[in-house]
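For reference, the structure is listed below as structure tokens.
Chain A is the first sequence line, chain B the second, and so forth, proteins listed ahead of strands; every chain is numbered from 1. Keep in mind that what you see is a predicted model, and the values were worked out from it rather than measured.
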2 protein chains.
Amino acid sequence: MNRMPVAERREQLVEAALTVASRDGIEAATVRAVAAEAGVSLGVVHYCFQDKDELLRAMAHAITERNTVRGLEDLPQGLPPATAIEYAIEAVWASISGTRGSQLLSYELTTASLRSAELNKVAMEQYEGQWAAATQVLEAIGHAADVSWSMDAEEIARIVVAVVDGYSLAWLVDGDAEKALRGLHGLGGYLATLTVPRDGAAATEPATDPALAAPAADPAGAA
Amino acid sequence: MNRMPVAERREQLVEAALTVASRDGIEAATVRAVAAEAGVSLGVVHYCFQDKDELLRAMAHAITERNTVRGLEDLPQGLPPATAIEYAIEAVWASISGTRGSQLLSYELTTASLRSAELNKVAMEQYEGQWAAATQVLEAIGHAADVSWSMDAEEIARIVVAVVDGYSLAWLVDGDAEKALRGLHGLGGYLATLTVPRDGAAATEPATDPALAAPAADPAGAA
DNA sequence: GAGTGACTTGAACATCTGTCCAAGTCAAGT
DNA sequence: ACTTGACTTGGACAGATGTTCAAGTCACTC
């Protein structure tokens, strides 16, 4: 095969590992399968990585970064908060539902990390990445809709990540994207109640209608 | 070893598989490891189960049933809705946080099921069990606090399962039980807004304070 | 107490896995 | 041209895993 410097070869192997593992599961990502996917002979993998675990760590790092970088900087400005939130939720969901294999692989990596000493930090890095990304999205929403949040953004981020995780998992199992998206819009409605106009005062529409906390979760809203 | 009828031996092997897999992960639950854990020789496993997959399916069925049966029938009666909900949440969380290995195994089984044709139905059965259990809990709350729900209980159950799943996963990773429980109490606050007194009329305390939707998620509430 | 059939045993087999390594190939510098 | 060293190759090895099987053991019935 083509010769190339180790650094480049490593990237190629990580890409191949990602392809195999997303398609067939983390268990299928054997050294041989990755080498074959990259069109490279067996020994190359151990020339580029000391361990199989080092390869897996590199793969985990890559997928975490890839899920994180979606910084959602392209939020239209000047929208009302509820609209900005809905927009962000649609974008997040699109990037999840379009990458089923990767999502499933993420969960596989999480559980593998929690069992294996060598993959120790992988799961924590994944979550820190997700919390940071969610915080960033919240701040982008605040900026786009000119609101701030009535709680620490990082604290809200934890809520967002937990709920998104929960619905993603359910969707992976039952394949019902519509229900998942409806649930996420429910989260959006809740988030809207946590916004505060930038110049201070009270929450946007505090006591008008508590059902606003979950408009899309209302059967009438989507059915 | 002691002789025993196949049916009984099967139960023993499922138990052993559960022990090994909860302790060391699903990958560690090899035929040999399970046989050793049960104090039985290798051939017995294939005498009782046609496949390793059949053993895993039986194990999955057992753990699903075990997580489901916690019907929470012992809810004190006559409580105000918010209190009944908090009580139920504490109980649910206690049964989760007390069985870390089993929880982790559940997620491992879910991902394994989504990758393997042989374990096809395992994940869906898990979720159907959880949704049913959540529905049961919601009805128990309704009965204990003499309220009904402003949405289909099954629809709320999906929300509950998603959020509980999300916080459980985060807790498995970061080990922060306090934050998880706080998040679940936030869910509880939200659920309280979905209750309706049994004789009809409006929601319990609809417009008084929207912050009630997440009282425990408020930093001041727990810190 | 002999026989029957349910249960048990552990060796054996084929396959797969991560890892190693001796030999090979190639590009660049002298 | 030749040397050096980075990169590649694929065979070899040890260990683990699922599965099979012929032989053994025991309880129970007639």
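Here D:dT17 presents its C1' atom at 14 Å from CG of B:L55, a figure rounded to the nearest Å. Taking atom CD of residue B:E8 and atom C1' of nucleotide D:dA27, one finds them 15 Å apart after rounding to whole Å. Straight-line distance from the CD atom of A:E118 to the P atom of C:dG18: 13 Å, rounded to whole Å. Summarising the geometry, the separation between CZ on A:R3 and P on C:dA27 is reported as 7 Å, rounded to the nearest angstrom. In this structure, A:L56 atom CG and C:dT19 atom C1' are separated by 15 Å, rounded to whole Å. As a whole-Å value, the separation of A:L13 CG from C:dG18 P is 14 Å. One interatomic measurement links the two molecules: CD1 of A:I26 to P of C:dT17, which rounds to 14 Å at whole-angstrom precision. Separating the CD atom of A:E27 from the P atom of C:dG18 is a distance of 11 Å, rounded to the nearest angstrom.
Where B:C48 and A:Q50 meet DNA chain C, the nucleotide closest to each residue was compared, and B:C48 sits on the side nearer the 5' end. Along DNA chain D, the nucleotide nearest A:V6 and the nucleotide nearest B:K52 are compared for position; the residue whose nucleotide lies closer to the 5' end is A:V6.
Here C:dT8 is the nucleotide among C:dT8, D:dA6, D:dT20 with the atom lying nearest to any side-chain atom of B:S41. Here D:dC13 is the nucleotide among C:dT9, D:dC13, D:dG18 with the atom lying nearest to any side-chain atom of A:R32. In this structure, of D:dC7, C:dC7, C:dT19, it is D:dC7 that holds the atom nearest to the side chain of A:P5. When distances run from any side-chain atom of A:T30 to the nucleotides C:dT17, D:dG18, D:dC7, the shortest one goes to C:dT17. Out of C:dG18, C:dT9, D:dG18, the shortest distance to the side chain of B:H46 is found at D:dG18. Nearest nucleotide to the A:L42 side chain, out of D:dT19, D:dT8, D:dA12: D:dA12.
One finds no salt bridge joining A:E155 and B:K179 here, because no Lys/Arg side-chain nitrogen approaches an Asp/Glu carboxylate oxygen to under 4.0 Å. Between B:E118 and B:R57 there is no salt bridge, since no side-chain N of the basic residue sits under 4.0 Å from a carboxylate O of the acidic one.
A sub-4.0 Å separation between OP1 or OP2 of C:dT8 and a side-chain N or O of B:Y47 is absent. For D:dT8, the OP1/OP2 oxygens have a side-chain nitrogen or oxygen of A:R9 closer than 4.0 Å.
Exactly one of A:V20, A:L13, A:L18 qualifies for a side chain to side chain contact (heavy atoms under 4.5 Å, CB included) with A:M59. That residue is A:L18.
No side-chain donor from either of A:Y167 and B:D165 sits under 3.5 Å from a side-chain acceptor of the other. Side chains of A:R9 and A:Q12: a donor-acceptor N/O pair is present below 3.5 angstrom, by distance only.
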